[in-house]
There are 2 protein chains.
Amino acid sequence: MVKREAQREQTASMEDYLEAVAMLRGKGKVVRVSQISRKLKVTMPSVTSALRKLSEQELVEHERYGHIKLTPEGDKVARDVLRRHKALTRFFAQALGINQETAEEDACKIEHVISPLSLERMIKFIEFIQACPLEEPNFPKRYKYYLEHGQLPKECLERSVRRGK
Amino acid sequence: MVKREAQREQTASMEDYLEAVAMLRGKGKVVRVSQISRKLKVTMPSVTSALRKLSEQELVEHERYGHIKLTPEGDKVARDVLRRHKALTRFFAQALGINQETAEEDACKIEHVISPLSLERMIKFIEFIQACPLEEPNFPKRYKYYLEHGQLPKECLERSVRRGK
DNA sequence: CCGAATTGTTAGACATGTCTAACAATTTTA
DNA sequence: TAAAATTGTTAGACATGTCTAACAATTCGG
């Protein structure tokens, strides 16, 4: 069995910096310390300090006053954080009906601590309710009704009654 | 409008200590530093140090070599952490079908960072699928089938076909 | 009731990650 | 192009929370 390169576990902070670089890079242009600083709401010295550490681990390339880019390894880590971020955001927004802003905020925190299993299940959950709407009005619709009115939609109540529950 | 007592925000660590005291207290007996130490997997000096800080904030009562108990205020905080913990565990286990151990682990991390809104929605979600099984075989059953077999249960497929999807 | 084991505390080192102040480099603009 | 604004870095303080080593108090078993 091949021993896989031990991908060093990153702290929540370091994951945030890697993720920020990946996100900012997307928008054309060069990534700047000031942008990261604004995005993560930390001061520029904090960014410089973090980049130094990530450079030492060869996850980013960064030279004084120069460019900031992810190494292939750093890119791998950043992509994985982003994957978790997106899955969580989607789950909160689509499955739980949370507003986009709060969904993002929660995703930002939870992406650093959730287990691979739970994440996978959330992804599967979304896949499921999208692929299998169950009926019209479907599950998400009914759930939305329940959230908005504080009581079960009439179809559910009818069923309960019919089943003598 | 009455200005509510600003309940000091606690760090994840301090919440863990308060939660641990509340949990251990449940099992009869006096709460001991060594128990907290074992439960949270930290050394005893770490516990002593944390208890000192929480004492200063009047969230616990603790005198050298003596008893450890929550003040009414500390109890309030601890109960809220426990509430989040339980809701999350339940959500992971019952809604997502995660095993109890992983559900607990994830709850332990996420309880410190989740927004009140998302938590509330998770609670509502569980209430909903419990109260409104939708049909036989109901939603959780179908979802379980999907997880186990990697494909939609036949009822869903039939529906999709019928709807020409 | 006394010695051993356990429990708990203190002191202080250390890691992480933040900040402010001061200064340096770069970029913008008048 | 020179001054001003912006951007970035360094140095060092600080907060949090962990640990080990050493010692002190308490509890337990014979």
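Predicted, not measured: the structure shown is a model, and the values here were computed from it. Letters A, B, ... mirror the listed sequences (proteins, then strands); counts begin at 1. The basis for the numbers below is simple: all heavy atoms, side chains too, and nothing from hydrogens, waters or symmetry mates.
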Would you kindly compare Y65(A) and M14(A) by the position of their nearest DNA chain C nucleotide and give the one closer to the 5′ end?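 So the residue in question is M14(A).
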Please compare S46(A) and R64(A) by the position of their nearest nucleotide in DNA chain C and report the one closer to 5'.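 On the 5' side of the pair lies S46(A).
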Are any of [X]'s side-chain N or O atoms less than 4.0 Å away from OP1 or OP2 of [N]?
X	N	value
T11(B)	dG17(D)	yes
S49(A)	dG17(C)	no
Y17(A)	dT18(C)	yes
T48(A)	dT10(D)	no
H62(A)	dT9(D)	yes
S13(B)	dT16(D)	no

Tell me the interatomic distance from [X], atom [atom1], to [N], atom [atom2], rounded to whole angstroms.
X	N	atom1	atom2	answer
H112(A)	dG17(C)	NE2	P	11 Å
L40(A)	dT16(C)	CG	C1'	16 Å
K53(A)	dT10(D)	NZ	P	14 Å
L51(A)	dT7(D)	CG	C1'	14 Å

Are any of the side-chain nitrogens in [X] or [Y] under 4.0 Å away from the carboxylate oxygens of its partner?
X	Y	result
E105(B)	K109(B)	no
D75(B)	R25(B)	yes
K76(A)	E73(A)	yes
D80(B)	R84(B)	yes

With sugar-phosphate meaning primed atoms plus P, OP1 and OP2, does S34(B) contact a base, only sugar-phosphate, or nothing at under 4.0 Å between heavy atoms?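 Sugar-phosphate, no base atom in range.
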How about H112(A) and Q10(A): does a side-chain donor come under 3.5 Å of a side-chain acceptor?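 Per modelled atom types, H112(A) and Q10(A) side chains form no pair under 3.5 Å.
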Return whichever of A50(B) or M44(A) has its heavy-atom-nearest nucleotide of DNA chain D closer to the 5' end.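 With A50(B) and M44(A) compared, the 5'-side residue is M44(A).
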Which nucleotide in dA11(D), dT7(C), dG8(C) has an atom nearest any side-chain atom of R38(B):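 So the side chain of R38(B) is nearest to dT7(C).
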